[in-house]
Amino acid sequence: NGMEGGRDEECGAGLVRRHPAASDRRLVIAVIKTITDLERIGDEAERIARMAVHVAQEGTAGTQGRPYMPLLGMGDLVRRNLRAALDAFARVDAAAALTVVKSDRQIDREYEAIIRQSITFMMEDPRTIGHCLDIMWSARALERIGDHTRNICEYLIYLVEGKDIRHTSLEEVEAIVGTRE
């Protein structure tokens, strides 16, 4: 949190002192926003860690670990997306960022599947309610990390293309990014 505030101040001071060109301003804005999303990703990761500790201490309460498998798959997808987003940002690669934006839909589908599965487990065996709630909260945190990762890619596309695509359809974003390739 302290680092985020310091970076924000440095970026703001640079904007005031130097009056950068449009592309440089976009870079500073993209970096400021990315820093915020990275800080939020860290908060969600901390939440997941707390849930993992709680689940490990409580045991599986009769679920034989079944809810973990989809959560592990979702976590792997979120991790790969975050890595790809940061790599795209480092290379200033809008096409790679677009690939990550597209794959966020898969994260959302996996989140919904985990929620449905957890509800089914809870209805079948009420003793699993506490455990399943931990799984659901962890899945929600992973889904939020996916959203923050998508935001980072949207900032990169803004940096490269000069267009805010946050409230734009995927087809329109593909057309915007595709015009430069």
Evaluate the side chain to side chain contact (heavy atoms under 4.5 Å, CB included) criterion for residues Asp87 and Asp93: first the C-alpha distance (whole Å), next the side-chain angles of each, then the deciding distance (0.1 Å), finally the verdict. CA-CA 8 Å; Asp87 185 52; Asp93 185 348; over 6 Å; no

Joint cluster assignment, Ile35 & Ile41, ILVMFWY side-chain distance < 4.5 Å: yes

Should Val100 and Ile107 be regarded as members of a common hydrophobic cluster, given that ILVMFWY residues are connected when their side-chain heavy atoms come within less than 4.5 Å of each other, either directly or indirectly? no

Could you report the tightest heavy-atom contact between Gly146 and Val78, atom names first, then the distance? N-CG1, 4.3 Å

Listing, residues 136-143 side-chain donor-acceptor contacts under 3.5 Å, not counting sequence neighbours, or none:
unit_1, atom_1, unit_2, atom_2, d
Ser138, OG, Asp134, O, 3.0
Arg140, NH1, Glu143, OE1, 2.6

Locate the shortest heavy-atom distance separating Met122 from Cys132; write the atom from each residue and the value. CG-CB, 3.5 Å

Which atom pair, heavy atoms only, marks the closest approach of Ala94 to Glu161? CB-OE2, 4.3 Å

Audit row: Thr36, Glu39, side chain to side chain donor-acceptor pair (under 3.5 Å) steps and yes/no: CA-CA 5 Å; Thr36 300; Glu39 195 272 330; over 6 Å; no

Less than 4.5 Å apart, side chain to side chain, heavy atoms only: is that true for Ile129 and Phe121? no

Counting heavy atoms not belonging to Arg79, are there more than 12 under 6.0 Å from its CZ? yes

Contact check, side chains of Arg105 and Leu170, non-hydrogen atoms, under 4.5 Å: yes

Walk me through whether Asn81 and Thr149 qualify under side chain to side chain donor-acceptor pair (under 3.5 Å). CA-CA 7 Å; Asn81 269 10; Thr149 300; over 6 Å; no

Rounded to the nearest 0.5 Å, what separation is found between the CG atom of Asp104 and the CZ atom of Arg109? 10.0 Å

Atom CD in Glu172, atom CD1 in Ile165: separation rounded to 0.5 Å? 10.5 Å

To the nearest 0.5 Å, atom NE2 of His131 lies from atom CE of Met51 at 12.0 Å

Are Leu133 and Ile114 joined in one hydrophobic group, where the rule is that I, L, V, M, F, W and Y side chains link up if heavy atoms are under 4.5 Å apart? yes

Using the side chain to side chain contact (heavy atoms under 4.5 Å, CB included) rule, take Leu38 and His148 through it: C-alpha gap first, then chi angles, then the decisive distance, then the call. CA-CA 7 Å; Leu38 287 172; His148 292 301; over 6 Å; no

Flag yes if Tyr155 and Ile29 sit in one hydrophobic cluster, no otherwise; membership is Ile, Leu, Val, Met, Phe, Trp, Tyr, and two members link when side-chain heavy atoms are under 4.5 Å apart. no

Quick check on the hydrophobic clustering: are Tyr111 and Leu71 connected, directly or via other members, by side-chain heavy-atom contacts under 4.5 Å? yes

Taking every heavy atom of Leu159 against every heavy atom of Ala30, the minimum-distance pair comes out as CB-CB, 4.3 Å

The test is side chain to side chain contact (heavy atoms under 4.5 Å, CB included); show your working for Ile157 and Lys163 and say whether it passes. CA-CA 7 Å; Ile157 293 169; Lys163 296 185 181 183; over 6 Å; no

Salt bridge (Lys or Arg N to Asp or Glu O under 4.0 Å), that's the test. Do Arg80 and Asp76 meet it? Break it down for me. CA-CA 6 Å; Arg80 281 185 280 138; Asp76 189 50; 3.2 Å; yes

Trace of the side chain to side chain contact (heavy atoms under 4.5 Å, CB included) decision for Thr34 with Phe89: CA-CA 10 Å; Thr34 297; Phe89 202 93; 3.5 Å; yes

Approximate separation, where rounding is to 0.5 Å, of Asp37 CG and Arg150 CZ: 12.0 Å

Hey, could you give me the CD/CD1 distance between Glu174 and Ile176, rounded to the nearest 0.5 Å? 10.5 Å

Output the distance between atom CE (Met74) and atom CD1 (Ile145), rounded to the nearest 0.5 Å. 9.0 Å

Smallest separation among heavy atoms of Leu156 and Ala97, with atom names: CD2-CB, 3.7 Å

